[in-house]
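Owing to the predicted nature of the structure, the values given are computational and were not obtained by experimental measurement. Quick note: residue numbers are just sequence positions, from 1.
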Amino acid sequence: MYIDDNDTPDSVIAKVHKKGNPSSMASFKWLMKTFGYKVHTGRYAIAPGSGTFMLYHRLATGHQTPLEFSLNNIRTKKDLAESISRQLM
């Protein structure tokens with residue numbers, strides 16, 4: 001799941017519901033409102049059936065999933081841009 005810099009807490013809730021669907025969305029919303037939530041942009045891996053608190057903690061602390069990519073046979077800036085964009089999306 002990707003969180004952009006223009007996302008709000010409500011849009012993050014919608015993305016979580018669509019992608020991760022934690023065991024209790026009501027508890028997830030309660031955690032966000034009670035403990036506060038600052039949007040941290042990035043890429044987050046959410047396994048189906050993830051625990052509600054574990055998911056909240058990962059998003060609230062900004063614990064992102066690393067992204068691995070390789071650069072092979074790059075000669076021009078255009079090749080570099082194509083390689084990076086292909087691997088990131």
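For the pair Thr34 (side chain) and Leu31 (backbone), a donor-acceptor distance under 3.5 Å is absent. Judged purely by atom type and a 3.5 angstrom limit, Ser85 uses its side chain to pair as donor or acceptor with the backbone of Ala81.
Here the side chains of Asp79 and Asn73 are not in contact, with every heavy-atom distance at 4.5 Å or above. With contacts defined as side-chain heavy-atom distances shorter than 4.5 Å, the pair Met32/Leu59 does not qualify. Taking the side chain as every heavy atom from C-beta outward, Lys29 and Val16 never approach each other to under 4.5 Å. In this structure, the side chains of Thr65 and Ile46 stay at 4.5 Å or more apart for every pair of heavy atoms.
With values rounded to the nearest 0.5 angstrom, Phe35 atom CZ is found 11.0 Å from His57 atom NE2. Between the OG1 atom in Thr52 and the CE atom in Met54 there is a gap of 11.5 Å [rounded to 0.5 Å]. Atoms CD and NE2, on Gln64 and His40 in that order, are 9.5 Å from each other to the nearest 0.5 Å. With values rounded to the nearest 0.5 angstrom, Leu67 atom CG is found 5.0 Å from Arg43 atom CZ. Distance check, rounded to the nearest 0.5 Å: CG of Leu55 to OG of Ser27 gives 12.0 Å. Atom CG of Leu71 sits about 5.0 Å away from atom OG of Ser83, to the nearest 0.5 Å.
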Where do Val39 and Asp4 land on the side-chain contact (heavy atoms from CB on, under 4.5 Å) test, with the steps shown first? CA-CA 9 Å; Val39 176; Asp4 302 319; over 6 Å; no

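Under a hydrophobic-cluster definition in which Ile, Leu, Val, Met, Phe, Trp and Tyr are linked whenever side-chain heavy atoms come within less than 4.5 Å, directly or via other members, Met25 and Tyr37 are assigned to the same cluster.
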